[in-house]
Amino acid sequence: MSTATEYRGTGVVPGVAHAPAIWTAPRPQLPEHSPTIPEGGREEEVARFSAAAATVAGRLAERASHATGVAANVLEANASLARDKGWHKAIIKLVNKGVPAPQATARATDEFVAMFEKIGGLMAERATDLRDIRDRVIAELLGRPEPGVPAPSEPSILLADDLAPADTAGLDPTLVIGLVTELGGPTSHTAIISRQLGIPCIVAVDGLSAIATGELLLVDGEQGTIRLGVDAASATSLVEADEQRREAIRSWRGPAQLADGTPVDVLANVQDGAGAARAAASEAQGIGLFRTELCFLSAEKEPTVEEQTAIYADVINAFPGKKVVVRTLDAGSDKPLKFANMDEEENPAMGVRGIRIATDQPAILTNQLDAIQAASKGEPTWVMAPMIATVDEARSFAEQCRERGLKPGIMVEVPAVAVQAEKFLEHVEFMSIGTNDLTQYTMAADRMSAKLASLTTPWQPAVLELIAMTAAAGQKLGKPVGVCGEAAASPVLACVLVGMGVTSLSMAVAAIPAVGAQLAQVTPEQCKAAAQAALAATDPTAAAEAARTALAQA
Ligand code: PEP
Ligand code: MG
């Protein structure tokens, strides 16, 4: 309706919800001036801090014991963070100088947060976790109620500046039916946990604080919109249509195909044997991306070929005789490995990461290929290299794979590869488009930045065009071109990708049913029309809208 006010953010979990807004409880404020603790009282003040931190850690651990899956892991990790020795030491040092415990907690946390943010990437995202623990400990010290999520008495949409894992993990999805935050990116904990709970979620919404508690909101997690003043009849019909969509997802079974029976290779992204086992129990037809670097994030030294073989065999054996695509180490940038990334770099996303490590340390790559060969037991496992930028890198990688009976491919994450896709494809058997990095490098925008979320969407016209060029090269040479970045997990975009000629879609297991259910409803012609419509648009919102309209037409 025309009187509706609209806010926009980045939609991270699809779904429509219509309910009143509630805000999280305020964070504790500290008085600007506080008296110094006299020497005689400092020991007691340290004890007060230790008791408060232990209480907070205990509460988080207690919540972890009632949670499952990612939520439980996140809460356990936060309980450990509340007990972190380095953090405690920094606070106690300040208290011993006379700073009261609440202020000491705030000051020491600021230093840790600054350090996390300087490291960037995944560490920067943990800053939210530590800030949350700080606020809980300070509230405890001040005798205030725990900050965070209120218990709503009716189904509500929860608004927050940012949500800490401790807030999101304990949510009841029957009462909190939508989540909207002013900060946070698509990979924040808020996004991860709301995905697990299936709560429609939008992050990075500018100006959210203007919405008051009690206002009736219509949230669309697919489009990333929050609308006020929508009339009841329109809201009800949108919520009902969404309920039908959710039911189609619940009842969908693979293998994935379009409405006319055309098969689509829908695969899983995994990071270890346990993930591969979950993928095997899902509707995935194989594995389209095994992120091997995530197995070694805490390794001090390079794992031996035997150790690597055992890990890779766990994944490969989960899909006997089926497609498993192993990616060689994408060490560096937001996923540094101690044994591979030797130098401090000013700009690690554009530094020595992925295949580039093999230039100075060729044995890291050859050892890994030996291990994949051993784990494959004579089967031609698909192997691809990340961060390829030159034809020479592709040719040399392919040679090393073929020597070991492996099927060589490359990731398309650097725009240079997309614009010359045919030249690269001549040397390899397949390509897989990593839309997360392809978007980051095409738009020159950090994929982890919440502020730049409107630039780092794969709906950006230039990104869509690069994907289409790569898919066309694959069609021309008769070689498979898949997508394994987050773009493949968006149901509407998945149809556009198929319409461009992409031959496989690889995504988190949790995303498969929604993509499968959407593919089942459209024909190849509709997918092609959606691709053309999206490619003709000049901005991401118009591209997504044009694709949706094309898919809705018979
Ligand atoms: C990508 O860049 O899209 C990709 C799949 O690789 P990663 O997210 O691991 O960088
Ligand atoms: Mg990548």
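We number each residue from 1, following the sequence as shown. First listed ligand is number 1; within each ligand, the first listed atom is number 1.
Protein neighbours of ligand 1 below 4.0 Å, counting non-hydrogen atoms: Leu289, Arg291, Arg327, Asp330, Lys335, Met411, Glu413, Gly434, Thr435, Asn436, Asp437, Arg447, Cys484, Gly485.
Counting only distance, with no hydrogens or angles, the side chain of Asp265 and the backbone of Ser504 share no donor-acceptor pair below 3.5 Å. A donor-acceptor pair under 3.5 Å is absent between the side-chain atoms of Glu182 and the main chain of Asp161, judged by distance alone.
In the model, Gln368 has a side-chain atom that pairs as donor or acceptor with a side-chain atom of Thr292 under 3.5 Å. Asp162 and Thr181 are not linked by any side-chain donor-acceptor pair at a separation below 3.5 angstrom, with hydrogens and angles left out of the test.
Of all protein N/O/S atoms, those lying under 2.8 Å from the Mg ion (ligand 2) come to 2.
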**OP:** Test Glu302 against Asn367 for side chain to side chain donor-acceptor pair (under 3.5 Å), laying out the working first.
**Re:** CA-CA 10 Å; Glu302 185 186 346; Asn367 288 342; 2.9 Å; yes
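Between Asp220 and Arg8 there is no salt bridge, since no side-chain nitrogen of the basic residue lies less than 4.0 Å from a carboxylate oxygen of the acidic one. Using a 4.0 Å cut-off between charged side-chain N and carboxylate O, Glu429 and Lys479 make no salt bridge. Salt-bridge check for Glu545 with Arg548: passed, with a basic side-chain N closer than 4.0 Å to an acidic carboxylate O.
Between Tyr312 and Phe290, the ring planes lie perpendicular to each other; the angle is over 60°, past the 30° to 60° tilted range.
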